[in-house]
Amino acid sequence: MSDSTKATNFIEDIIEDDLKNGLSTDVLRFRFPPEPNGYLHIGHASAICLNFGLGEKYNRPVNLRFDDTNPAKEEAKYVAAIQKDVEWLGYQWDHLCYASDYFQQLYDWAVQMIKDGKAYVDSQSSEEIASQKGTPTEPGVDSPYRNRSVEENLALFEGMKNGEYGESEHILRAKIDMKSNNMLMRDPIMYRVVNKAHHRTGTDWKIYPMYDWTHGESDYIEQITHSFCTLEFLPHRELYNWFLDQVVESDKIRPKQREFARRNVSHTVTSKRKLQKLVQAGIVTGWDDPRMTTISGLRRRGYTPDSIKNFAASIGIARRENIVDMNHLEFHLRDDLNKKADRVMCVLDPVKLVITNYPDDQVELLQAENSQEDETRGYREVPFSKELYIEREDYREEANKKFFRLKNGKEVRLKNGYIIKGEGCLKDEAGNITEIHATYDPDSKSGSGTEASMRRVKGTLHWVSAAHAVPVEVRLYDRLFTVPSPDTDKEKDFMEFVNPNSLEVITAMAEPAMKNLKIGETVQFQRMGYFCVDPDSTDDKLVFNRTVTLRDTWAKLDS
RNA sequence: UGUCCCAUGGUGUAAUGGUAACACUCCGGUUUUUGGUACCGUCAUUCAAGGUUCGAGUCCUUGUGGGACAACCA
């Protein structure tokens, strides 16, 4: 699809309109402004892709700016984690910025606003201020301190800054309109006293600016042209513009805030509070648990940056509420991994298969292609012998025509090996199959070019040689929630929808070549799915996470 | 009893007054040494009622439904 024919979204339309109306492409500048108070999740990933994607589209810079105005909640470790996540997605920011770098400028502007009669110090309790604020349907009333003199305001504000007052004794408010329909315009708070050390400015500041006062001015300082945020900030736009009005100079860029609907993914939660609850309740092992839709969790699960970017691009952007089906995400994951992952053979639920007419001590090294999608990935050797493991579900003593796998009297191909015929099986007292017997056709070796090897058989099984098999731990992950939208039920807590079977740990039998895999590497276990090496792996034991299964039309047929 | 935002197949998004389309899902088929991939096909869409217009998913009005707004959070 060429750019000229590609449909634009409303965000791009806004930019295009501005360019048409005289804004120069050279001044375009965007930003991604996270608060460093938690880990980024799939929703943030979409926002990152949106802003950095615009930077790529217009070949213009994008800043990473930490909105760090609340030392009570923010920590340096989140700053580091967020940078890692953005880099992992493959984006490079132009400037690394912090709202805290603008504290002095913000303070100076606030002083000027006091002098201009646009801001005042209020000395009431939080409760009093709240009660005067009114409700969405009733106007507020003016604070008794609203008309303090400029001198008194200046002195008090200076005192706040110098730490002469405790928290909540005084605050600085903008003087706007207590009767506004927009509650955010009812003399919003600009500064409060916070007696906590800030992760960057330490104890230099006793007062901290609020979001509304900080955000637009930060955009202005960085000369951001377009400041995109989620819909919940739509009512803030009026205030964003009012604050900008107090400081903009006509020869500078005036940033424009526009809002889009945040993109939700089914079967997940993304609020930091809920994510934290999952961690604290021990439902998951941590913020980077592979079941979490945090970026760190997705990374550990084996998601690729491209799969996330492609997903974000494909779901588009709009202004209506939405819940994107997890299938979309998994489609892009499989689509990417199919191209990138090598194939290996690993038996998840092993049962012994004895090839009764194969020489007892013989071992053959068979050639196996690493990828059917990409021949340049080459071949590896896989040992073949008389005793193998195959998947328990791949054998039935008897089955109907639709069962393409191994059954008594019928032929099936062992991937990269021979064609075998089912002969019977051994069982324990309980009737469980303990050993399957089959015979092989010595002329049917894969790649030998013989007529027998070219024979068409319907089923192909993966396998590993029992004597050469490497036991590995495999963590089978499923969706964390049993319903598409766990947190929209007003009656029920989202924790009630946690999937009790979201993790199953098994020991699987891997082909020897898998011993060389490195932490983080993803491979396809042929016929089973994509799996990546977890950091919990040691020299003695590999641990795999199931990233995602393959599509399985047989499972649907069989059920 | 306020102000504001939103409404297109099951899901997500296009169509910018001119043939309602694309992707995912579902279902079916072809190919296949992965019941994978690839390819082909089927089903299915403009919240309602008025109005403007030669022509409305799009503009207007009124409803209906959903959402946001009363943190010294962002």
Side-chain angles (χ1 to χ4, degrees), chain A residues 1 6-10 13 33-35 37 67-70 72-74 122 125-126 129-131 133-140 167-168 170-173 180-184 186 189-194 207-208 210-212 214-215 229 231-238 259 261 263 266 272 311 314-332 334-335 338-339 343 345 369 372-373 402-405 412-417 419 446-447 453-462 484 524-529 549-558:
Chain A
M1 209 185 320
K6 190 177 175 183
T8 57
N9 58 50
F10 82 97
D13 289 345
E35 182 189 13
N37 71 339
D67 224 333
D68 55 347
T69 58
N70 186 0
K73 291 186 176 174
E74 295 149 7
D122 200 335
S125 71
S126 180
I129 291 171
S131 70
K133 200 147 197 185
T135 70
T137 55
E138 306 157 37
E167 295 186 4
S168 295
H170 304 287
I171 54 163
L172 186 74
R173 301 177 75 176
S180 171
N181 278 324
N182 184 346
M183 296 204 60
L184 291 159
R186 324 242 262 226
I189 296 172
M190 294 174 66
Y191 278 95
R192 79 286 207 195
V193 173
V194 180
I207 55 171
Y208 290 89
M210 300 288 288
Y211 166 82
D212 288 296
T214 309
H215 201 90
C229 59
L231 236 29
E232 63 196 293
F233 290 100
L234 196 154
H236 293 249
R237 188 154 110 196
E238 188 179 2
E259 311 80 16
R263 288 163 288 182
S266 74
K272 283 170 187 165
F311 166 74
S314 78
I315 60 175
I317 187 85
R319 306 223 317 157
R320 53 178 151 168
E321 304 248 311
N322 60 80
I323 301 176
V324 184
D325 198 306
M326 177 78 90
N327 283 319
H328 278 272
L329 222 201
E330 292 186 343
F331 167 80
H332 288 286
R334 291 188 181 106
D335 189 50
N338 178 48
K339 292 177 223 152
R343 273 63 169 167
M345 292 196 287
E369 58 198 336
Q372 286 81 348
E373 300 296 310
K402 287 191 173 170
F403 187 79
F404 303 157
R405 285 111 105 129
V412 71
R413 184 187 301 275
L414 294 176
K415 178 77 185 169
N416 303 310
I419 293 173
S446 292
S453 73
M454 313 284 265
R455 197 156 75 235
R456 295 163 71 93
V457 289
K458 192 71 180 165
T460 301
L461 308 187
H462 62 284
Q524 184 195 98
F525 289 3
Q526 206 118 203
R527 302 208 303 138
M528 304 309 289
T549 62
L550 259 28
R551 283 185 67 228
D552 190 351
T553 48
W554 165 245
K556 286 175 194 163
L557 260 181
D558 196 36

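Each chain gets a letter, A, B and so on, in the order the sequences are listed, and its residues count up from 1.
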Q | Rounded distance in Å - CZ (Arg413(A)) to P (rU32(B)) | A | 12 Å
(Q) Expressed as a whole number of angstroms, how long is the span from Lys133(A):NZ to rC72(B):P? (A) 6 Å
**Q.** Worked verdict on Asp212(A) versus Met190(A) for side-chain contact (heavy atoms from CB on, under 4.5 Å)
**A.** CA-CA 8 Å; Asp212(A) 288 296; Met190(A) 294 174 66; over 6 Å; no
Q.
Please confirm whether the shortest side-chain N or O distance from Arg343(A) to OP1 or OP2 of rG36(B) is below 4.0 Å.
A. no
Q.
At 4.0 Å (heavy atoms only), tell me whether Leu234(A) reaches a base, stays on the sugar-phosphate, or touches nothing.
A. sugar-phosphate
Q.
Whole angstroms only, please: what is the CD-C1' distance between Gln372(A) and rU37(B)?
A. 9 Å
Q: Side chain of Leu550(A) only, please: which of rA38(B), rG36(B), rA74(B) is the nearest?
A: rG36(B)
Q. Checking only heavy atoms, does the side chain of Ser180(A) share a donor-acceptor pair with the base of rU3(B) at less than 3.5 Å?
A. no
(Q) Under 4.0 Å, counting only non-hydrogen atoms across every strand here, what does Leu461(A) touch: a base, just sugar-phosphate, or nothing? (A) nothing
(Q) Which is more 5' along RNA chain B, the nucleotide nearest Lys73(A) or the one nearest Thr135(A)? Just name the residue. (A) Thr135(A)
Q: State the CZ-CG distance between Arg237(A) and Asn182(A), to the nearest 0.5 angstrom.
A: 11.5 Å
**Q.** Distance (rounded to the nearest 0.5 Å) between Leu414(A) CG and His462(A) NE2
**A.** 11.0 Å
Q) Shortest non-hydrogen contact from Met345(A) to Asn416(A)? A) CE-ND2, 4.3 Å
Q) Looking for any heavy atom pair under 4.0 Å, which part of the strands does Phe233(A) touch: base, sugar-phosphate only, or nothing? A) base
Q: Taking atom C1' in both rA44(B) and rG9(B), compute the distance separating them and give it to the nearest angstrom.
A: 5 Å
Q: Mind listing the closest non-hydrogen atom pair of Ser453(A) and Arg413(A) along with its distance?
A: O-NH2, 3.2 Å
Q. Can Lys556(A) and Asp552(A) be counted as an ion pair, charged N to O under 4.0 angstrom?
A. no
Q) Across the strands shown, which category fits Glu232(A) at heavy-atom distances under 4.0 angstrom: base, sugar-phosphate, nothing? A) base
(Q) Ser266(A) and side-chain contact (heavy atoms from CB on, under 4.5 Å): which single residue from Asp325(A), Leu329(A), Asn327(A) fits? (A) Asp325(A)
Q. For Met528(A), which contact category applies under a 4.0 Å heavy-atom criterion: base, sugar-phosphate, or nothing?
A. nothing
Q) At under 4.0 Å between heavy atoms, what does Gly447(A) touch on the DNA or RNA strands: base, sugar-phosphate, or nothing? A) base
(Q) Rounding to an integer number of angstrom, what distance separates rU46(B) and rU19(B) when you compare their C1' atoms? (A) 15 Å
Q: Check the distance between rG9(B)'s P and Asn322(A)'s CG and give it to me in whole angstrom.
A: 13 Å
Q. Mapping Asn9(A) and Val324(A) onto RNA chain B by nearest heavy atom, which one lands closer to the 5' end?
A. Val324(A)
Q: For rA15(B) and rC22(B), measure between their C1' atoms and round to the nearest Å.
A: 10 Å
Q) How many Å lie between CZ on Arg173(A) and C1' on rA70(B), as a whole number? A) 12 Å
(Q) Base, sugar-phosphate or nothing for His170(A)? Non-hydrogen atoms, less than 4.0 Å. (A) nothing
**Q.** Atom P, compared across rU58(B) and rU53(B): separation rounded to whole Å
**A.** 16 Å
Q: First locate atom CD of Gln526(A), then atom CG of Leu550(A), and finally report the distance between them rounded to the nearest 0.5 Å.
A: 9.0 Å
Q.
Heavy atoms only, 4.0 Å cut-off, all strands: where does Ser266(A) land among base, sugar-phosphate and nothing?
A. nothing
Q: Just call it for Asp212(A): base, sugar-phosphate, or nothing, with non-hydrogen atoms closer than 4.0 Å on any strand.
A: nothing
Q: Evaluate the ring planes of Tyr211(A) and Phe233(A), with Trp represented by its six-membered ring, and classify them as parallel (under 30°), tilted (30 to 60°) or perpendicular (over 60°).
A: tilted
Q. Can you find a donor-acceptor pair, distance only, under 3.5 Å between Arg405(A) side chain and rG35(B) base?
A. yes
(Q) Under 4.0 Å, heavy atoms only, any strand: does Leu231(A) hit a base, just the sugar-phosphate, or nothing? (A) nothing
Q | Residues Glu259(A) and Arg319(A) bridged, charged N to O under 4.0 Å | A | yes
Q: Grab the NZ-P distance between Lys458(A) and rG35(B) for me, whole Å please.
A: 10 Å
Q: In whole angstrom, give me the gap between the C1' atoms of rU52(B) and rG17(B).
A: 11 Å
Q | Sugar-phosphate, base or nothing in reach of Glu373(A), heavy atoms under 4.0 Å | A | base
**Q.** P-based separation of rA21(B) from rC27(B) [nearest Å]
**A.** 24 Å
Q. Where does RNA chain B form stems of at least three consecutive Watson-Crick or G-U wobble pairs, each pair having both distances below 3.5 Å?
A. B:2-7 with B:64-69, B:10-13 with B:21-24, B:27-30 with B:38-41, B:47-51 with B:59-63
Q. Touch check for Asp67(A), heavy atoms < 4.0 angstrom, all strands: base, sugar-phosphate only, or nothing?
A. sugar-phosphate
Q | Separation of atom CD in Glu369(A) from atom P in rU34(B), rounded to whole Å | A | 8 Å
Q: Could you measure between the two P atoms, the one in rA74(B) and the one in rC69(B), and give it in whole Å?
A: 16 Å
**Q.** Asp13(A) versus Thr8(A), side-chain donor and acceptor atoms under 3.5 Å
**A.** yes
Q. With distance as the sole criterion, do the side chain of Ser126(A) and the base of rC72(B) form a donor-acceptor contact below 3.5 Å?
A. no
Q | Rounded interatomic separation in angstrom, taking CG from Asp13(A) and P from rU16(B) | A | 11 Å
Q. Do Glu369(A) and Arg343(A) come within less than 4.5 Å of each other through their side chains, counting heavy atoms only?
A. no
Q | Centroid under 5.5 Å and tilt under 30°, Tyr211(A) to rA74(B) | A | no
Q: Output the distance between atom CZ (Phe311(A)) and atom CZ (Phe331(A)), rounded to the nearest 0.5 Å.
A: 12.5 Å
Q.
Considering every strand and a 4.0 Å limit on heavy-atom distances, what is the contact class for Gln524(A): base, sugar-phosphate, or nothing?
A. base
Q) Across the strands shown, which category fits Arg263(A) at heavy-atom distances under 4.0 angstrom: base, sugar-phosphate, nothing? A) nothing
Please tabulate the protein-to-nucleotide N/O contacts below 3.5 Å involving nucleotides 21-31 of chain B, giving atom names and distances.
| unit_1 | atom_1 | unit_2 | atom_2 | d |
| --- | --- | --- | --- | --- |
| rC26(B) | OP1 | Lys556(A) | NZ | 2.8 |

Q | Atom P, compared across rG63(B) and rU3(B): separation rounded to whole Å | A | 12 Å
(Q) With a 3.5 Å cut-off and heavy atoms only, can you find an N or O donor on one side and an acceptor on the other between the side chain of His236(A) and the base of rA68(B)? (A) no
